[in-house]
Amino acid sequence: MSAAPAWDALWRHVHLMPLTAADPGATVRDGALAVRGGRIAWLGPQAALPAGATAAREHDGGGAWLLPGFIDCHTHVVHAGQRSEEFELRLGGESYEAIARRGGGILSTVRATRAAGEEELYAQSLPRVRNLMREGVTTLEVKSGYGLEPEAEARMLRVARRLGRELPLRVKTSFLGAHALPPEYAGRADDYVAMCCELLPTLAAEGLVDAVDAFCEGIAFSTAQVERLFETARNLGLPVKLHAGQLSDLGGAELIGRFGGLSADHLEEVSDAGIAALRDGGSVAVLLPGAIHFLRETRRPPVAKLRAAGVPMALASDCNPGTSPMPSILAALNLGCLLLGLTPTEALAGATCHAAAALGLSNETGSLELGKAADLALWEVERPAQLCATLGINACRHVAFEGCLRTDQ
Ligand code: DI6
Ligand code: FE
């Protein structure tokens with residue numbers, strides 16, 4: 001007979017929604033979950049707890065719901081400044097593209113971000129990250145892309161790394177140098193992409209880059225340009241992802257599929273061939289309803305087709321100062337259901353197990369499974385769907401990151 005287990009922590013009197021990719025809708029009522037060494041060591045019905053099990057810390061969940069910590073797999077949380085002037089212009093009828101083409105939009109945030117020192121950038125980004133953390137986020141992707149010059153891009157990524165070091169949070173960084181063409185390179189997009197390709201090995205050698213992203217759009221970079229960047233990434237062993245089909249379909253999903261990329265994000269415009277390529281490439285479709293909401297976009301990603309093709313759909317905040325000033329994963333859940341037609345279970349899976357896949361973290365986090373990181377969020381709700389059905393209510397009671405209860409939220 002094996003000895004009774006000794007755990008670091010035991011959560012009792014909880015209902016569990018493990019959100020595994022294989023069966024996201026499954027639940028365990030009156031469950032328990034044990035942690036050892038920051039990992040999930042046991043989970044199941046409380047009645048099945050091994051006899052004699054002990055735990056250094058016991059948490060009484062009071063009948064609340066325990067879910068995996070949320071993963072926000074697409075954000076631009078590190079930036080300086082704000083863009084409410086642009087919000088007013090858009091309300092007045094001007095388009096996002098028109099504002100971008102005359103030097104507003106992304107470039108206006110580039111000016112603010114270039115002017116901010118590292119401390120300032122950290123200080124401005126921190127409240128956004130804290131807001132996400134209060135909503136149960138335990139893993140956060142952070143992109144560069146508002147520096148568009150070597151030092152400012154590196155600074156953004158250093159701030160992202162610092163957030164991951166100083167907060168109880170897992171941070172994954174993406175180099176988004178090819179986000180917009182900076183004014184110094186006007187008319188020389190190929191030269192700018194070449195500069196990004198030269199910069200990437202340096203940033204990677206400094207440990208600042210986990211993946212490479214780009215904005216593949218009429219107002220940004222062509223598929224040929226993105227492909228050059230992706231080849232550089234591949235040579236460095238870095239995974240790729242792409243802002244594809246937000247405003248126009250240039251074949252970004254096909255490119256991601258061909259490279260076996262982590263994800264194609266947005267996809268308001270994507271062809272059937274693009275969907276098939278994502279399926280064949282094992283890539284995730286990351287849906288960003290915040291951008292649809294704030295841009296009053298009328299096009300929608302083809303959720304029914306993605307579902308039918310079996311392409312996993314993740315959901316993220318896209319938190320950025322222009323098209324989704326929304327540091328809220330709970331808002332993304334609600335908008336994902338209302339604007340995109342996701343079911344609450346799909347939305348919850350989109351912010352957990354499928355978001356983990358979009359970051360290459362499926363073996364590490366994103367679901368309550370034996371051996372995975374004990375990234376947990378306890379919700380005072382009657383049913384998990386309640387998290388999607390409301391807006392402006394945060395019922396998160398406790399969050400644990402790698403088994404450690406967060407106190408300073
Ligand atoms: N798509 C987006 O939604 C954000 N970036 C991108 O490529 C918008 C960025 C911004 O407007 O600042
Ligand atoms: Fe984005």
Side-chain angles (χ1 to χ4, degrees), residues 72-87 89-90 94-114 124-125 128 140-148 152-153 156 160 172-182 196 211-222 225-226 229 240-250 252 256 262-269 284-297 299 301 314-327 329 332 335 339 355 358-359:
D72 196 346
C73 67
H74 180 138
T75 87
H76 310 250
V77 285
V78 171
H79 62 259
Q82 61 79 39
R83 305 237 293 271
S84 60
E85 301 82 357
E86 217 180 278
F87 177 74
L89 290 172
R90 289 203 311 275
E94 215 174 329
S95 76
Y96 177 70
E97 281 114 313
I99 295 167
R101 285 190 197 281
R102 59 179 174 74
I106 293 172
L107 292 181
S108 112
T109 301
V110 170
R111 289 187 286 275
T113 302
R114 284 180 176 180
Q124 288 199 33
S125 306
R128 293 185 278 271
L140 182 67
E141 188 256 14
V142 181
K143 302 175 192 299
S144 70
Y146 291 120
L148 312 185
E153 286 289 298
M156 288 185 73
K172 294 291 261 185
T173 59
S174 301
F175 172 60
L176 179 56
H179 192 196
L181 191 63
C196 287
V212 174
D213 193 352
F215 194 23
C216 188
E217 279 295 340
I219 57 167
F221 298 94
S222 70
Q225 288 160 343
V226 172
L229 189 67
V240 297
K241 57 173 74 179
L242 191 60
H243 284 72
Q246 180 181 13
L247 311 163
S248 54
D249 180 14
L250 304 186
I256 279 294
L262 290 171
S263 67
D265 303 27
H266 283 290
L267 301 174
E268 281 81 335
E269 294 275 353
V284 177
V286 177
L287 309 181
L288 305 166
I292 292 178
H293 170 64
F294 282 101
L295 293 181
R296 295 193 285 183
E297 174 61 67
R299 292 166 292 186
L315 199 54
S317 72
D318 195 12
C319 177
N320 76 68
T323 62
S324 194
M326 185 183 88
I329 196 72
L335 296 177
L339 298 183
L359 297 179

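Atoms within each ligand, like the ligands themselves, are counted from 1 in listed order. Residue numbers count from 1 along this sequence.
- Ser174 pairs with exactly one of His76, Lys143, Lys241 by the side-chain hydrogen bond (donor to acceptor under 3.5 Å, both in side chains) rule, that one being Lys241.
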**Message:** His243 vs Glu217, test: side-chain contact (heavy atoms from CB on, under 4.5 Å). Steps then yes/no.
**Reply:** CA-CA 8 Å; His243 284 72; Glu217 279 295 340; over 6 Å; no
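- Protein residues are said to neighbour a ligand when one of their heavy atoms lies under 4.0 Å from it; for ligand 1 these are His76, Arg83, Tyr96, Ile106, Tyr146, His179, Phe215, His243, Gln246, His266, Asp318, Asn320, Gly322, Thr323.
- Applying the salt bridge (Lys or Arg N to Asp or Glu O under 4.0 Å) test to pairs two or more places apart or on separate chains, none has a residue in residues 314-326.
- Using a distance-only test at 3.5 Å, with no hydrogens or angles considered, a donor-acceptor pair links the side chain of Arg128 to the main chain of His79.
- Closest non-hydrogen pair, Val78 versus Tyr146, comes out as O-CD1, 4.0 Å.
- For Ser324 (side chain) and Ser317 (main-chain N/O), a donor-acceptor pair under 3.5 Å exists by modelled atom type.
- Residues that satisfy the salt bridge (Lys or Arg N to Asp or Glu O under 4.0 Å) test with Glu94, not counting sequence neighbours, are Arg102.
- At least one donor-acceptor pair under 3.5 Å links the side chain of Glu141 to the backbone N or O of Thr75.
- With hydrogens and angles disregarded, no donor-acceptor distance shorter than 3.5 Å links the side chain of Arg90 to the backbone of Ser95.
- Residue-and-atom listing of protein N/O/S atoms under 2.8 Å from the Fe ion (ligand 2), sorted by chain and number: His74 NE2, His76 NE2, His243 NE2, Asp318 OD1.
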